[in-house]
Student: 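Below: one structure in structure tokens.
Since the structure is predicted, the reported quantities are computational estimates derived from the model, not experimental observations. So that the names make sense, note that chain A is the first sequence line, chain B the second, and so on, each numbered from 1.
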Protein chains: 2
Amino acid sequence: MRVAVVEDDLSIVNLLKRVLIKEGFSVREFSTAEKFLSAVFDYGEEFDVVILDVMLPGLNGVDACKFLRNRGSDVPVLMLTALSEEDDKVKGLDSGADDYLTKPFSIRELLARLRALLRRRGKVALNLETSGIVITDVGVLVDGKEVKLTGRERELLRVLLENRGKVVSKEELLQKVWKGEAVSKRVVDVHVKHLRDKIGDRIETVWGVGYRLVEGAPE
Amino acid sequence: MRVAVVEDDLSIVNLLKRVLIKEGFSVREFSTAEKFLSAVFDYGEEFDVVILDVMLPGLNGVDACKFLRNRGSDVPVLMLTALSEEDDKVKGLDSGADDYLTKPFSIRELLARLRALLRRRGKVALNLETSGIVITDVGVLVDGKEVKLTGRERELLRVLLENRGKVVSKEELLQKVWKGEAVSKRVVDVHVKHLRDKIGDRIETVWGVGYRLVEGAPE
DNA sequence: TAACATCTTAACAGTTCCTTAAGGTTTTTG
DNA sequence: CAAAAACCTTAAGGAACTGTTAAGATGTTA
């Protein structure tokens, strides 16, 4: 699950990062709405949910959300603000946000609302920590140790991680990692091999179907 | 964190510089309010916080602060003065200053107030010393030794330093250092090379993405 | 103007990454 | 069991990216 945190207050960013990463999200942070929108529309980055501060330098969260919706994005947006006035709540939701949280907020409530948002969209927020693997924008941690992965390897791992415990077919991997490029099916094998070399034997082969990332410790 | 020190008393300037640099601030000093305002509005320099003396030759601190606010700047201002009368305190805060300190002041109190100001703005004062690199307006210190950098090199280093430990994409570097000028992507590589030659191998290449300034000692 | 510093581009060299291909191994099927 | 199918492993070639150097452009200073 990829979550974008659009927030300029470093102390909040760091708090969110710590909590969300522990919960198994891939966290990508942006200090301004402009940077976030550029990542989405200029570079085509995709997120499963967005935590968006209202008070931002430059473009504010409400307008950023409107922009998102105008451009057709339906990614769930959780709005954050220091203002608790009803007026702002209305503005926020009017702009297309899905939920709203006023600062200061409790971590428990934030997580609860995030999960609610994802559930509503048919997504399930899982704690990836059980696999011992954490992906952030800074790097990839396996059992607490940083591992250097290439672009393809990282994407491959991300897809497997999102479906850990479940078999992912080669077709699905090709579609999600290689985005329909015309490549041989065998590239998957090769990259799985490389991944195995780097992260250890956590990828199981399901004969005739695809691959599955084994779960680590039980919940 | 960039701090502007606007003060004509050299002994105070030197004291502040020594302390602030040790705390990890990039310090820029101005002996008059005019010079400071010119840097801000004519040259577009940006600061995270301003330490502004009230008694200055020419334009005084109170008026300089008013000027700042009138022009729409909301940078945190910590006012310094030798006068302890309530009257001056009121004038200072009326002018738009965020806090106020009378000379003589204790270093500890100054730092506490600075941190409070930055925290209020959602910024966190970090000690850049952990990277072994300190940037001031006089020069750049690497492991205590002064290094001569050119303009581009210094800006490049500053952006990397602000994001140390994190990958900064080439696009972001081009945007922040070259402000959207139409230059080839490769200029970044060349300047990184020059920086490496001058400050040693502290810049890591992240293939296909950008560069990262490695962190020195842990926090 | 001459000497100097800085910045950008271009060219070539070096590196990393991705894909394909080929031969070997394991699993399934007849 | 033997053949077929799927997968593993390795290595080579090429594509994409970065490193390095030098020359020209531009601006600055003596």
Student: Starting from P on D/dT9, measure out to CZ on A/Arg186 and report it in whole angstrom.
Tutor: 12 Å

Student: At less than 4.0 Å, is any side-chain N or O atom of B/Arg152 found next to OP1 or OP2 of C/dT8? Yes or no.
Tutor: yes

Student: Quick one: NE2 on A/His194 to CG on A/Leu156, what's the gap to the nearest 0.5 Å?
Tutor: 11.5 Å

Student: From CZ of A/Arg212 over to C1' of D/dC7, roughly how many Å is that when rounded to an integer?
Tutor: 17 Å

Student: Look at A/Arg69 together with A/Asp98 and state whether they make a salt bridge at an N to O cut-off of under 4.0 Å.
Tutor: yes

Student: Taking only Lys NZ, Arg NE, NH1 and NH2, and the carboxylate oxygens of Asp or Glu, determine whether A/Arg152 and A/Glu155 approach each other closer than 4.0 Å.
Tutor: no

Student: B/Thr205 side chain: which of C/dT20, D/dG19, D/dC7 is closest?
Tutor: D/dG19

Student: Respond yes when some side-chain nitrogen or oxygen of B/Tyr211 is under 4.0 Å from OP1 or OP2 of D/dG19, and no when none is.
Tutor: yes

Student: Could you state the atom-to-atom distance from NZ of B/Lys185 to C1' of C/dT8 in whole Å?
Tutor: 17 Å

Student: Rounded off to whole Å, could you give me the CG-to-P distance for the B/Leu174 and C/dC7 pair?
Tutor: 15 Å

Student: So which one's nearest nucleotide on DNA chain C is more toward 5', A/Ala182 or B/His191?
Tutor: B/His191

Student: What is the distance from atom CG of A/Leu149 to atom NE2 of A/His191, rounded to the nearest 0.5 Å?
Tutor: 11.0 Å

Student: At under 4.0 Å between heavy atoms, what does B/Lys170 touch on the DNA or RNA strands: base, sugar-phosphate, or nothing?
Tutor: sugar-phosphate

Student: How would you summarise protein contacts on nucleotides 24-30 of chain C per nucleotide, using B for base, S for sugar-phosphate only and - for none, with heavy-atom distances below 4.0 Å?
Tutor: ---SS--

Student: Produce a footprint string for nucleotides 22-30 of chain D: one letter per nucleotide, 5' end first; B if the base is under 4.0 Å from any protein heavy atom, S if only the sugar-phosphate is, - if neither.
Tutor: ---------

Student: Under 4.0 Å, counting only non-hydrogen atoms across every strand here, what does A/Val187 touch: a base, just sugar-phosphate, or nothing?
Tutor: base

Student: For the side chain of B/Asp189, starting at C-beta, report the closest nucleotide among D/dT20, C/dC7, D/dC7.
Tutor: D/dT20

Student: Taking the side chain as everything from C-beta on, heavy atoms only, tell me whether B/Leu52 gets closer than 4.5 Å to B/Cys65.
Tutor: yes

Student: Given D/dT21, C/dC18, C/dC7, which nucleotide is nearest the side-chain atoms of B/Lys193?
Tutor: D/dT21

Student: Once the angle between the rings of B/Phe47 and B/Phe36 is folded into 0 to 90°, is it parallel (under 30°), tilted (30 to 60°) or perpendicular (over 60°)?
Tutor: tilted

Student: Atom CG of A/Leu20 and atom CD1 of A/Ile51: how far apart are they, to the nearest 0.5 Å?
Tutor: 5.0 Å

Student: Using whole Å, what does the distance between atom P of nucleotide C/dT8 and atom NZ of B/Lys179 come to?
Tutor: 13 Å

Student: Just how far, in rounded Å, is P of D/dA15 from CD of A/Glu181?
Tutor: 15 Å

Student: In Å and rounded to the nearest 0.5 Å, what is the CZ to CG distance from B/Arg202 to B/Leu157?
Tutor: 9.5 Å

Student: Could you give the distance from CG (B/Leu80) to CE (B/Met55), rounded to the nearest 0.5 Å?
Tutor: 13.0 Å

Student: So, A/Tyr211 versus A/Asp189: side-chain donor-acceptor pair below 3.5 Å or not?
Tutor: yes

Student: Let me know the distance between CG of A/Leu149 and P of C/dC18, rounded to the nearest Å.
Tutor: 10 Å

Student: Measure from CD1 on B/Ile203 to P on D/dG19 and round the result to the nearest Å.
Tutor: 10 Å

Student: Does D/dG19 have OP1 or OP2 sitting under 4.0 Å from an N or O in the side chain of B/Arg196?
Tutor: yes

Student: Is A/Trp178 near enough to C/dT19 that one of its side-chain N or O atoms lies under 4.0 angstrom from OP1 or OP2?
Tutor: yes

Student: Hey, which sits more toward the 5' end of DNA chain D by its nearest nucleotide, B/Asp197 or A/Val206?
Tutor: A/Val206

